[in-house]
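Every number for a ligand or one of its atoms is a count from 1 in the order of the listing. Small disclaimer: the values here were computed from a predicted structure and weren't measured.
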Amino acid sequence: MPESAAALLEQIAAQVRACTACGLCEGRSNAVPGEGSASSLVAFVGEGPGGDEDQQGRPFVGRSGQLLRRTIRESGWQEEDVFICNVVKCRPPNNRDPLPEEISACSHYLHAQLAIVRPKLIVTLGRFSLNLLVGSQLKITEVMGRPINKGGLTFVPTLHPAAVLRNQNLLPDFQKHIRGALNLALKMHSAEQGAQP
Ligand code: URA
Ligand code: SF4
């Protein structure tokens, strides 16, 4: 019998927790593999764990995470209906940017998670997931909120919630782009269901 998607996701999470493939393993309290249902319609991909995430071993549970999770709920979705994870799975010291070699060492876990969940749509939060998954030269402010098709996948780039916490003027755009992405995923899903014989 084929392994269930949930079991495959758990296998990856176990590998992440034991991983020592880059220097970020040295400072972590907990690795943060990601969480959510294996049949999520939408995946959210951030940058890397912060202090709260490192303490709890869960993604987006600090201030940025509360903003993200509230925005998802206010769009009419349950947090359990989405998959939430990061480009790097261990916290960079003092929340510095992840280094290119850390991203290269870690990104196969993210790709494996996305291949298992196969979300209808992937929201990239901030520039690291945008540049890794969609295009290395893209600037968020130039592409945010607009769906981009690449390699048979649909992406919607958005600002990182931490940027919105630093500048509240960005909040309406952030909310609009998350809501738009979730509505589009539902539309894609119903179109597909309608096309079934
Ligand atoms: N910022 C991120 O990019 N990811 C988290 O999980 C938390 C904060
Ligand atoms: Fe392994 Fe990724 Fe953690 Fe580096 S950041 S130790 S590659 S899980």
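Of the protein's non-hydrogen atoms, C106 SG, 2.3 Å is the one closest to atom 2 (Fe) of ligand 2. Scanning the protein heavy atoms around atom 8 (C) of ligand 1, the nearest turns out to be F60 CE2, 3.8 Å. Among all non-hydrogen protein atoms, the one lying nearest atom 4 (Fe) of ligand 2 is C22 SG, 2.4 Å. The shortest contact between atom 2 (C) of ligand 1 and any protein heavy atom is with G48 O, 3.0 Å. Shortest contact from atom 1 (Fe) of ligand 2 to any protein heavy atom: C19 SG, 2.3 Å. Closest to atom 3 (Fe) of ligand 2 among all protein heavy atoms lies C90 SG, 2.3 Å. Atom 4 (N) of ligand 1 has as its closest protein heavy atom N86 OD1, 2.7 Å.
For residues 179-189, no pair satisfies salt bridge (charged side-chain N to carboxylate O under 4.0 Å, His left out), with sequence neighbours left out.
Minimum interatomic distance between P161 and S64 (heavy atoms only, all atoms of both residues): CB-O, 3.5 Å. Minimum heavy-atom separation, I84 to F60: CG2-CD1, 3.5 Å.
Taking every heavy atom of C25 and a limit of under 4.0 angstrom, the matching atoms of ligand 2 come to 6 (S). Of all atoms in ligand 1, numbered sequentially from 1 with element shown, those under 4.0 Å from a heavy atom of P59 are 6 (O). Close contacts between ligand 1 and E47 involve ligand atoms 2 (C), 3 (O) [criterion: under 4.0 Å to a heavy atom]. Heavy-atom proximity to H160, at under 4.0 Å, picks out these atoms of ligand 1: 1 (N), 2 (C), 3 (O).
Side-chain polar atoms of S29 and D54 form a donor-acceptor pair below 3.5 angstrom. For the 3.5 Å distance criterion, the side chains of K89 and Q113 qualify, holding a donor opposite an acceptor.
Test V123, L130, V87 against V45 for side chain to side chain contact (heavy atoms under 4.5 Å, CB included) and you get one pass: V87.
In this structure, E53 contributes its side chain and G50 its backbone to a donor-acceptor pair below 3.5 Å. The backbone N or O of A185 lies less than 3.5 Å from no partner atom in the side chain of H189, so there is not a single donor-acceptor pair.
Between G50 and ligand 1, a contact under 3.5 Å exists for no N or O pair.
Distance CG/D97 to CZ/F128: 3.5 Å, rounded to 0.5 Å.
Contact analysis leaves G62 out of contact with ligand 1, as no non-hydrogen atom separation drops below 4.0 angstrom.
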